[in-house]
Amino acid sequence: MRKILLPSLIIIAASLLVIRIFYLQIIDDSFKLKSENNAIKIKYDYPERGYIYDRYGKLLVANQASYDIMVIPREIKNIDTLEFCELLNVTKEDFIKKIEKAKVYSPRLPSVFLAQLNKSEFAAFQEKMRKFEGFYFQKRSLRDYEVDYGANIFGGITQVNEKLVASNPYYNSGDLIGTQGVEESYEVTLRGIKGVKYIQKDKYNREIGSYKDGKYDTVAVQGEDINLTIDAELQKYGEQLMINKRGGIVALEPKTGEILALVTAPSYDPGILVGRQRSKNYTLLYHDSIAKPLYDRGLLAEYPPGSPFKILTGLIGLQEGVINENTTFFCHHGFSYGRGRFMKCHNHPPAQQLHNGIYNSCNTYFAQAYMLTINKYNNPAYAVDVWSNHVKSFGLGQYMGYDLPTGKRGNIPTSKTYKKIYPNGGWRSTTIVSNSIGQGEVLMTPIQLANMMATIANQGHYFTPHIIKKIEGEKIDPKFEVKHETTIDKKYFPPIISGLFDVYNKGTASRLRVEGIDICGKTGTAENFAKINGKRTQLKDHSIFVAFAPKDNPKIAIAVMIENGGFGATIAGPIASLMIEKYLRKKITRNDLEIRILNTSLKDQYAKLGGMSEASLIETTPRDSVMRAKMIKPKEIKTTKVDTTQKKQ
């Protein structure tokens, strides 16, 4: 038995191997298609990307025809290089460099020689293409922007890099992929599925027809169209209001979390990043050390929220039972909270309760409420964590989970923060009281501020902000329909909302009212410090405003942040009022505000730091972090003088 076991195993193994080889070589020849087979040429049919519409069906992004000149290096034979270069307007040096790069990728497989020719550029080459063996064209579609705004929302498309080609089998050298914005977030949906055709060649390298009568060919599937939550006209209007300013505007629909507008300034025309000039223009934008126009301030810029944060301080004080609506604090242009420490306040009547504390934006009231919250517990570390958990329940201090590929967490301090800053202990409520008025270690992005106001409008819950409204033939992510509840009882929101309503009626925004629209809002001014030539210097404050409207059944919540804009009611407030009216009425009646804002330029403010190098201007914050924000004119790509602004301590 043992004598025949080994020969039997060998015979069985050999038989299986022969059968497998026969199957692969005679019956199943699909592996031929995956090798660099000289007798088979692969042609790809690239589908159109899905169209992009706004919430009302307005077309924002379509497609236009484009042509890539492809090359297979080993098939290049006896071509007139000079004529070739003249037709495509490339130098001989560039020609050699591109061919060498193609050889490195593969001498047998096609790669892009020259990308994104338009119809007129391609026409001259097409007439003489037969003279240039080894070259052929590949038709593609590029983006055709129907609007000149919303660049930060759309993102763009660019060629895949070698690393992605190696890791993702779908993409080949020269393929296009979405980058930034919704083009990146919804790449798989928008790109569609490319078709493949296998062409049989004879021994003279001539095409003789489809391989196996097209058995393995596939048809291209066009990308799905998508509708964004964006109101195109509101987005356009927001970008107009931000001309010659720097900052961000984010507007949300409270009952759904849909993003109505996402404005960053300065911005640029998305059309400049299409076609053969894309690389040149992108390089100019990328290397602009002043404006950073590719930097989305609505999602990435972390600012101290200033007085709008008092809303949360009041809510937490109510929830923790340390104040009620009738609790009174006396403010004499501020209050002393320690030896040599005095927190300044505005000029208003001395006796402040919750209601007028809100519409007068009393620092004393909310600082006292915050200190009572911390002092409620014997252990300040435990107390800060209680406070922090309340704040974080509004979606702050964390990535919010929205469907855009970029963002920042902001910062909501915890006991760990202060144990790190004060390793020997000794800190207490008076040490960190600046948190109460949105300063200290608190940092928020504009979208977090907008979400905070949407949560107030909803009286205690929010939906994850998102920019997708509808995908043709698909359902949007169900996580955007999940209601997130805060740790604050609903009964505490009405008195806060009442105070926010009177901000417009008799408070700090009384001059910003829009007749017939009940707006609830809050002004904010955040101090702005920088270290200049080794000296801590105070720069002009950031202007902040948050609001929602109408008071009953709110339809829009908004946050406006203007860097170096001064008081909240000066620039950010008027912009918020105008955006609210534009969305709710589709027209503007406060023409006085509109004219003033459109004629307001902060270029001189930004130019004051123009002669300083980045190395000499470093922000001083408790976390020793650095964030620089720069500006150029909207829709402009040329570089300008160095200009840097910091977020506040």
Side-chain angles (χ1 to χ4, degrees), residues 252 254 304-329 352-377 383-398 400 410 412-414 429 432-440 442 444 448-463 483-503 507-508 520-524 544-548 551 554 557 559:
L252 304 175
S307 290
F309 197 78
K310 294 172 183 176
I311 301 169
L312 299 188
T313 301
L315 284 169
I316 295 170
L318 292 170
Q319 181 68 36
E320 288 295 315
V322 298
I323 62 170
N324 58 44
E325 293 180 52
N326 299 316
T327 301
T328 304
F329 297 110
Q352 296 291 298
Q353 296 180 333
L354 179 63
H355 186 79
N356 60 350
I358 292 173
Y359 71 71
N360 285 325
S361 195
C362 179
N363 290 342
T364 297
Y365 185 92
F366 293 98
Q368 295 275 25
Y370 177 79
M371 290 170 60
L372 288 174
T373 300
I374 301 301
N375 294 337
K376 175 183 176 181
Y377 301 93
V384 164
D385 287 338
V386 170
W387 168 84
S388 181
N389 288 335
H390 283 309
V391 175
K392 289 179 178 179
S393 73
F394 286 77
L396 308 181
Q398 57 194 282
M400 300 184 67
I412 302 301
T414 65
S429 63
I432 59 176
V433 68
S434 56
N435 287 335
S436 64
I437 57 174
Q439 299 186 176
V442 177
M444 293 169 62
Q448 289 175 328
L449 270 170
N451 190 65
M452 181 190 80
M453 287 308 287
T455 309
I456 305 300
N458 291 333
Q459 299 190 34
H461 69 268
Y462 69 90
F463 296 91
K483 182 187 291 188
H484 302 277
E485 300 283 355
T486 70
T487 57
I488 309 298
D489 293 341
K490 188 172 182 178
K491 65 182 179 180
Y492 295 124
F493 285 89
I496 295 291
I497 291 172
S498 177
L500 295 174
F501 179 59
D502 276 343
V503 168
T508 54
C520 299
K522 185 71 190 74
T523 53
I544 309 167
F545 200 91
V546 296
F548 65 83
K551 177 176 178 288

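In this structure, Tyr359 OH and Ser498 OG are separated by 9.5 Å, a value rounded to the nearest 0.5 Å. Here the straight-line distance linking atom CZ of Phe545 with atom OG of Ser307 works out to 11.5 Å at 0.5 Å rounding. If you take CG on Leu500 and CD1 on Ile311, they are separated by 4.5 Å, rounding to the nearest 0.5 Å. Rounding to the nearest 0.5 Å gives a distance of 5.0 Å between CG of Leu315 and CZ of Phe394. Here the CG atom belonging to Leu312 is positioned 8.5 Å from the OG atom belonging to Ser393, to the nearest 0.5 angstrom. Distance check, rounded to the nearest 0.5 Å: SG of Cys520 to CD1 of Ile497 gives 6.5 Å.
Inter-residue side-chain proximity for Pro413 and Asn435 is flagged as met; some heavy-atom pair is nearer than 4.5 Å. Looking at heavy atoms from C-beta onward, Thr327 lies in side-chain contact with Tyr365 at the 4.5 angstrom threshold. With contacts defined as side-chain heavy-atom distances shorter than 4.5 Å, the pair His484/Phe463 does not qualify. Taking 4.5 Å as the limit, every side-chain heavy atom of Pro304 sits out of range of all side-chain heavy atoms of Val442. Inter-residue side-chain proximity for Lys310 and Asn363 is flagged as met; some heavy-atom pair is nearer than 4.5 Å. Under the 4.5 Å side-chain criterion, counting only non-hydrogen atoms from C-beta, Leu318 is not in contact with Asp489. Using a 4.5 Å heavy-atom threshold, the side chains of Val503 and Ile358 count as touching.
Contact between Thr487 and Gln319 at its shortest, heavy atoms only, is O-CD, 3.5 Å. Taking each heavy atom of Pro308 and Met452 in turn, the nearest pair found is O-CE, 3.6 Å. The nearest pair of heavy atoms linking Leu449 to Ala559 is CB-CB, 3.6 Å.
Looking at Asn458, its side chain does come within 3.5 Å of a backbone N or O of Pro254 through a donor-acceptor pair. Thr455 places a side-chain N or O within 3.5 Å of a backbone atom of Asn451 that can act as its donor or acceptor partner. One N or O on the side chain of Asn356 and one on the backbone of Gln353 form a donor-acceptor pair closer than 3.5 Å. Side-chain N or O atoms of Lys376 include one that pairs as donor or acceptor with a backbone N or O of Glu320 at under 3.5 Å. Glu485 contributes no side-chain N or O that, together with a main-chain N or O of His461, makes up a donor-acceptor pair within less than 3.5 Å. In this structure a side-chain-to-backbone donor-acceptor pair under 3.5 Å is missing from Thr414 to Ile412. The main-chain N or O of Phe366 is never found under 3.5 Å from a side-chain atom of Gln368 such that the two would form a donor-acceptor pair.
Thr508 and Ser361 are not linked by any side-chain donor-acceptor pair at a separation below 3.5 angstrom, with hydrogens and angles left out of the test. The closest side-chain donor-acceptor pair between Asp385 and Ser388, if any, does not fall under 3.5 angstrom.
The only option from Trp387, Phe329, Phe309 that meets the ring-ring contact (aromatic ring centres under 6.0 Å, His included) definition with Tyr370 turns out to be Trp387.
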